[in-house]
Amino acid sequence: MDNINKIEEAAAKKKSGQYNCAQAIACTYCEHACVDENTMKDIAQAFGVGMGTLEGTCGAIIGAGIVLGMANKDKLKTARDMRAIITAFKERNGTVTCKELKGVGTGKVLRECNDCVRDAAEFLERQLESDCE
């Protein structure tokens with residue numbers, strides 16, 4: 001139940017309008033990175049609306065990567081964990097690119113931001129939990 005609460009906390013942060021997708025994830029899980037929420041919000045501020053402003057990777061995935069990098073402190077483990085998150089996200093949503101998720105150019109929205117945040121939180125938690133086993 002606690003995991004569901006964290007996932008919904010991340011979605012609520014995004015929905016509030018005070019956090020972009022990357023910030024919503026990174027700030028919700030900032031304790032794993034040993035960083036306070038205000039600092040984490042600053043760290044993730046440039047990654048909203050997809051890296052490159054809709055052209056790049058979904059900000060929620062980037063937020064997960066920030067947390068993993070700070071929590072793991074191990075380049076190979078972080079790369080493996082990110083690969084797992086990206087693979088799961090892409091399997092569920094068809095892409096990891098913000099522009100495609102939002103339907104820019106096609107008019108077909110594949111996934112709303114709040115759901116992208118929920119997905120990234122779910123997949124991040126899987127990786128964080130696997131570290132505890």
Side-chain angles (χ1 to χ4, degrees):
M1 187 69 166
D2 194 34
N3 291 348
I4 292 171
N5 291 337
K6 292 292 261 187
I7 291 168
E8 290 307 316
E9 177 185 339
K13 282 181 176 170
K14 172 58 182 150
K15 190 175 182 178
S16 76
Q18 296 178 15
Y19 298 78
N20 66 38
C21 295
Q23 290 171 322
I25 294 292
C27 290
T28 299
Y29 295 93
C30 63
E31 74 277 2
H32 292 279
C34 300
V35 174
D36 68 272
E37 186 167 336
N38 287 331
T39 301
M40 186 61 90
K41 195 171 184 185
D42 289 341
I43 290 168
Q45 72 182 330
F47 302 109
V49 198
M51 197 159 38
T53 314
L54 283 179
E55 298 296 324
T57 303
C58 169
I61 294 171
I62 296 167
I66 292 168
V67 172
L68 286 174
M70 295 293 291
N72 291 342
K73 301 201 183 331
D74 177 302
K75 181 179 167 181
L76 293 177
K77 178 166 182 14
T78 299
R80 186 190 77 229
D81 289 351
M82 273 308 296
R83 190 174 307 113
I85 289 172
I86 289 169
T87 299
F89 192 96
K90 192 170 185 177
E91 285 174 0
R92 182 174 287 171
N93 299 304
T95 185
V96 296
T97 305
C98 182
K99 181 178 182 177
E100 294 169 358
L101 290 161
K102 299 292 114 234
V104 175
T106 66
K108 181 182 177 193
V109 176
L110 300 177
R111 198 78 163 147
E112 296 291 341
C113 290
N114 284 344
D115 292 326
C116 289
V117 168
R118 283 185 184 94
D119 292 345
E122 175 189 341
F123 302 141
L124 173 59
E125 286 193 9
R126 284 185 195 169
Q127 296 311 306
L128 292 172
E129 288 172 2
S130 72
D131 293 344
C132 296
E133 295 172 356

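Throughout, residue positions are numbered sequentially from 1 according to the sequence presented.
More than 12 heavy atoms of other residues, nucleotides or ligands sit less than 6.0 Å from atom CD of Glu31. Other residues, nucleotides and ligands contribute only 12 or fewer heavy atoms inside 6.0 Å of the NZ atom of Lys15.
Atom CD of Gln23 sits about 10.5 Å away from atom CD of Gln18, to the nearest 0.5 Å. Atom NZ in Lys41 sits 12.0 Å away from atom CG in Asp36 (nearest 0.5 Å). Remark: Thr57 OG1 to Leu101 CG distance equals 10.0 Å, nearest 0.5 Å. Note that the CD1 atom of Ile25 and the NZ atom of Lys14 stand 11.0 Å from one another [nearest 0.5 Å]. The distance from the CG atom of Leu68 to the CG atom of Asp74 is 11.0 Å, given to the nearest 0.5 Å. Atom OG1 in Thr87 sits 10.0 Å away from atom CZ in Phe123 (nearest 0.5 Å).
At least one side-chain heavy atom of Ile85 sits less than 4.5 Å from a side-chain heavy atom of Leu124. A 4.5 Å side-chain heavy-atom check between Ile66 and Met40 finds at least one atom pair inside the cut-off.
The pair Lys13-Glu9 counts as a salt bridge, with a side-chain nitrogen and a carboxylate oxygen less than 4.0 angstrom apart. Using a cut-off of 4.0 Å between Lys/Arg side-chain N and Asp/Glu carboxylate O, Arg118 and Glu122 are scored as not salt-bridged.
Closest of all the heavy-atom pairs between Val117 and Ala24 is CG1-CB, 4.3 Å. A pairwise comparison of heavy atoms in Ile7 and Ala121 identifies CG1-CB, 3.9 Å as the closest pair. In plain terms, the two heavy atoms of Cys58 and Cys116 that are nearest each other are SG-CB, 4.0 Å. Contact detail for Ala60 and Cys21: the closest heavy-atom pair is N-CB, 3.6 Å.
Cluster membership for Phe47 and Tyr19, using ILVMFWY side-chain heavy atoms within less than 4.5 angstrom, is not shared.
Judged by distance alone, with hydrogens and angles left aside, the side-chain atoms of Asn20 form no donor-acceptor pair with the main-chain N or O of Val49 at under 3.5 Å. In this structure, Thr106 contributes its side chain and Lys108 its backbone to a donor-acceptor pair below 3.5 Å.
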